[in-house]
Amino acid sequence: MDESHAPDHQNEGKTMKNLGYYNGVIDQIDAMRIPMNDRSNYFGDGIYEVCLVANGVIFALEDHLNRFYDNLDKVQIHFTYSKQALKALLQDMVERVEGTSLSLYWQVSRGTAKRSHVFPDPSVNANLMIMVDQLNLPRKDMLYKLITLPDIRFLRCDIKSLNLLPNVLASQAAKEAGCDEAVLHRNGIVSECAHSNLFYLKDQVLYTAPLNHLILPGITRARLIACAKRLGIAVVEAPFTLEELKQADEVIVTSTTKQCVRAFELDKEAIALRDPVTFTALQDAFFHEFEEETKQ
Ligand code: PDD
């Protein structure tokens, strides 16, 4: 690990409700400050990850780390931490925070430099920021209301970049419509949701959008697909329409912090809830794997 970025251990031994980290400085999140010239501030020039921590175990950490380093390559951010060093630091941060369900967020930006669109000099180091905070997981039997919105994001939605303005606007529009998530589509072809991936079941086959530049390769998405395959449920990763979604037997929303949630309403109309057996088998398989991996 780069020594200048090692935590200063000022809170050693304490159990905290939340904790922030920025290039080696560590404190409660509200007490943390970052430089104005961090490129994440004015360009959103960086990559982030969100993990779910249960019983002190970071769920699917290897998968998140792999996606994170892939993303850094895609945007050409040079980050000196090895995967092992970052993993050790993340685990150290998590151990300092009390609570059974936590969110672990981290981001790396292209460094601190006077505002200029081109990359800064290669001598400028990337900045690492970490936050560990309390997380309320939804109940397993939670039901989502969805609205549909045009997907106005740029064409590299596969990159988990800090630029989330369209996602923020869509999430707010969903909230104002009394909904839990926004289903994003391009001319009627569904991509994903504002902060989750989307699946549907029809005739006991599981459908979801394919992995390409139009969606984020969700870690929860991959887990649910693997569960389906183990259960012998056929999986089709292909583009689908809003019309197909409306005719679905079940609609499922997945993300790290919401896990695997069933939907029952789309644009104020009743949808889905027609194949509880297959849905429950899938959800149970997902939670079984989650509970096994996060046992103390
Ligand atoms: N959101 N699609 C988008 C646009 C997302 O922002 C997310 C995650 C997902 C699901 O990915 P995963 O299963 O790896 O969490 C799909 C996170 C949780 C967030 O931004 O808070």
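A heavy-atom distance below 4.5 Å is not found between the side chains of I233 and V205. A heavy-atom distance below 4.5 Å is not found between the side chains of M32 and M131. W106 is listed as a side-chain neighbour of L104, based on a closest heavy-atom distance under 4.5 Å. The side-chain heavy atoms of D284 and K140, taken from C-beta on, include a pair separated by under 4.5 Å.
For F59 and H64, the distance between ring centers is not under 6.0 angstrom.
In the hydrophobic clustering of this structure, L164 does not group with F43; members are Ile, Leu, Val, Met, Phe, Trp, Tyr whose side-chain heavy atoms approach within less than 4.5 Å, directly or through other members. Tracing side-chain contacts under 4.5 Å through hydrophobic residues (I, L, V, M, F, W, Y), one never reaches L216 starting from L198; they form parts of separate clusters.
Pairing each heavy atom of P120 with each of A113, the nearest pair is CB-CB, 3.8 Å.
A side-chain donor-acceptor contact under 3.5 Å links Y69 to the backbone of S82. Remark: the backbone N or O of Q204 is not paired with any side-chain donor or acceptor of T278 at under 3.5 angstrom. Between the side chain of D158 and the backbone N or O of L211 there is no donor-acceptor pair closer than 3.5 Å. Within the 3.5 Å criterion, the main-chain N or O of A177 finds a donor-acceptor partner in the side chain of K268. At distances below 3.5 Å, at least one donor-acceptor pair connects side-chain atoms of N23 with backbone N or O atoms of L128. No donor-acceptor pair closer than 3.5 Å links the side chain of D92 to the backbone N or O of A88. At distances below 3.5 Å, not a single donor-acceptor pair connects side-chain atoms of D45 with backbone N or O atoms of R110. No donor-acceptor distance shorter than 3.5 angstrom exists from the side chain of K202 to the backbone of Y207, with no hydrogens or angles considered. Side-chain atoms of N212 come within 3.5 Å of backbone N or O of L214 as a donor-acceptor pair. Counting only distance, with no hydrogens or angles, the side chain of Q134 and the backbone of E98 share a donor-acceptor pair below 3.5 Å.
Atom-to-atom distance recorded for L86:CG and F79:CZ is 5.0 Å, nearest 0.5 angstrom. The distance from atom CD1 of I159 to atom CG of L162, rounded to the nearest 0.5 Å, is 11.5 Å. Atom-to-atom distance recorded for K246:NZ and I271:CD1 is 10.0 Å, nearest 0.5 angstrom. Within the model, atoms OH of Y22 and CD1 of I130 stand 12.0 Å from one another, a figure rounded to the nearest 0.5 Å. Here the CE-NZ distance, from M142 to K258, works out to 7.5 Å after rounding to the nearest 0.5 Å. Note: N71 CG to D73 CG = 9.0 Å, rounded to the nearest 0.5 Å.
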Handout entry: Derivation and outcome, salt bridge (charged side-chain N to carboxylate O under 4.0 Å, His left out), residues R223 and E289
Key = CA-CA 9 Å; R223 291 299 183 111; E289 191 172 295; 2.7 Å; yes

Practice task
Output, in order, the C-alpha distance, side-chain angles, deciding distance and verdict of salt bridge (charged side-chain N to carboxylate O under 4.0 Å, His left out) for K83 and E62.
Solution key: CA-CA 9 Å; K83 212 176 265 186; E62 284 301 323; 5.4 Å; no

Practice task
Apply side-chain contact (heavy atoms from CB on, under 4.5 Å) to the pair T148 and L245, showing each step before the final yes or no.
Solution key: CA-CA 11 Å; T148 62; L245 195 63; 5.7 Å; no

Exercise for the section: Take E250 and R262, measure what salt bridge (charged side-chain N to carboxylate O under 4.0 Å, His left out) needs, and give me the verdict at the end. Expected result: CA-CA 7 Å; E250 295 286 342; R262 199 177 186 199; 2.7 Å; yes

Exercise for the section: Any chance you could lay out the side-chain contact (heavy atoms from CB on, under 4.5 Å) test for D133 and Y105, step after step, and finish with the verdict? Expected result: CA-CA 8 Å; D133 209 346; Y105 173 97; over 6 Å; no

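Open room surrounds CG on N136; 12 or fewer heavy atoms of other groups in view lie less than 6.0 Å from it. Counted within 6.0 Å of NZ on K74, heavy atoms from surrounding residues, nucleotides or ligands total more than 12; the atom is thus considered enclosed. Within a 6.0 Å radius of CZ in R139, other residues, nucleotides and ligands contribute 12 heavy atoms or fewer. By the neighbour-count criterion of 12 heavy atoms within 6.0 Å, atom CG of N187 is sparsely surrounded, having that number or fewer from other residues, nucleotides or ligands.
Taking the six-membered ring for Trp and thresholds of 30 and 60 degrees, F286 and F290 have nearly parallel ring planes, at less than 30 degrees apart.
Using modelled atom types, one finds no donor on one side chain facing an acceptor on the other under 3.5 Å when comparing Q283 with T280. Between the side chains of Q172 and E176, at least one donor N or O sits under 3.5 Å from an acceptor N or O. Side-chain contact, N127 with T112: a donor N or O sits under 3.5 Å from an acceptor N or O.
Within the structure, every pair that satisfies the ring-ring contact (aromatic ring centres under 6.0 Å, His included) test and touches residues 229-261, not counting sequence neighbours, is listed here: Y200-F240.
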